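No experiment lies behind these values; they were computed from the predicted model shown. Counting from 1, the numbers follow the sequence of the chain as shown.
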Amino acid sequence: MDLRELFRITLRWLWLLILGAILGGVSTYFFSIYQQPVYASTAQVFITQPQRNQLADLGYYNGQQLIQTYIELMVTDQVLSETAQRVDHIVRENQISIQQVRDTQVIKVTVEDSNPSKAAEFANMLVIVFLSLIHI
């Protein structure tokens, strides 16, 4: 197969390549127009080791265990329903991401929603409700 034959084959099927690129671009454009934007808001909370005389039940946890326990407790039904009631907006558990900031005692709460102000309000209120429920 020489260069001329390769060029002839390419020209013969060039319309298919161009058609594929146009269809891909048009479908991506229409998909992006109809997709609802999602905004993310983040709140952070600093967790300290409780004093043993204040919280005897949590006194045996080390810092890492305590942070992981708090992360699990923040997405319980009680905390989420109380937060939703206070902000008058429901956010599903899959819209919330809670993680420890690497090598710190900080928990980062991220809430995604189609309304940016509601995402921020929910993230902040989630931290407030959680802290009030554990009495810190």
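- In this structure, the separation between CG on Leu126 and CD on Glu121 is 12.0 Å, given to the nearest 0.5 Å.
- Checking side-chain atoms of Glu72 against main-chain N and O of Thr69 turns up no donor-acceptor pair under 3.5 Å.
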Cut-off 3.5 Å, no hydrogens considered: what does the side-chain donor-acceptor table look like for residues 5-26, sequence neighbours left out?
residue	atom	partner	partner atom	Å
Thr10	OG1	Leu6	O	2.8
Trp15	NE1	Arg12	O	3.3

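- Counting heavy atoms from C-beta outward, Ile71 and Ile67 have side chains that approach closer than 4.5 Å.
- A heavy-atom distance below 4.5 Å is found between the side chains of Val127 and Leu131.
- Under a hydrophobic clustering in which Ile, Leu, Val, Met, Phe, Trp and Tyr are joined whenever their side-chain heavy atoms come within less than 4.5 Å, directly or via other members, Val38 and Ile96 fall into different clusters.
- Cluster annotation: Val109 is not connected to Val106 through the hydrophobic network of ILVMFWY side chains, with a link wherever side-chain heavy atoms come within less than 4.5 Å.
- When only modelled atom types and interatomic distance are considered, Asp113 and His89 share a side-chain donor-acceptor pair under 3.5 Å.
- Considering only heavy atoms from C-beta on, Val45 stays 4.5 Å or farther from Phe130 through its side chain.
- The hydrophobic cluster containing Ile47 does not contain Val101, counting ILVMFWY residues as joined when their side-chain heavy atoms lie under 4.5 angstrom apart, directly or transitively.
- Contact check for Asn94 versus Glu112: no side-chain heavy atoms found under the 4.5 Å cut-off.
- Remark: side-chain polar atoms of Gln100 are paired, donor with acceptor, to backbone N or O of Thr104 under 3.5 angstrom.
- The side chain to side chain donor-acceptor pair (under 3.5 Å) analysis of residues 33-45, with sequence neighbours excluded, yields the pairs Gln36-Ser114, Thr42-Thr110.
- Between Ser132 and Val129, the closest heavy-atom pair is OG-O, 2.8 Å.
- Ile90 and Ile98 fall into different hydrophobic clusters, defined by Ile, Leu, Val, Met, Phe, Trp and Tyr side-chain heavy atoms under 4.5 Å apart, directly or through other members.
- Note that the CD atom of Gln85 and the CG atom of Leu80 stand 13.0 Å from one another [nearest 0.5 Å].
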Can you check side chain to side chain contact (heavy atoms under 4.5 Å, CB included) on Leu133 and Gln78, steps first, answer last?
CA-CA 9 Å; Leu133 289 176; Gln78 180 183 7; 3.9 Å; yes
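- The OG1 atom of Thr76 sits 9.0 Å away from the CD atom of Glu93 when rounded to the nearest 0.5 Å.
- Looking only at side-chain heavy atoms (C-beta outward), Val87 and Asn124 stay at 4.5 Å or farther from each other.
- Within a 6.0 Å radius of CG in Asp2, more than 12 heavy atoms belonging to other residues, nucleotides or ligands are found.
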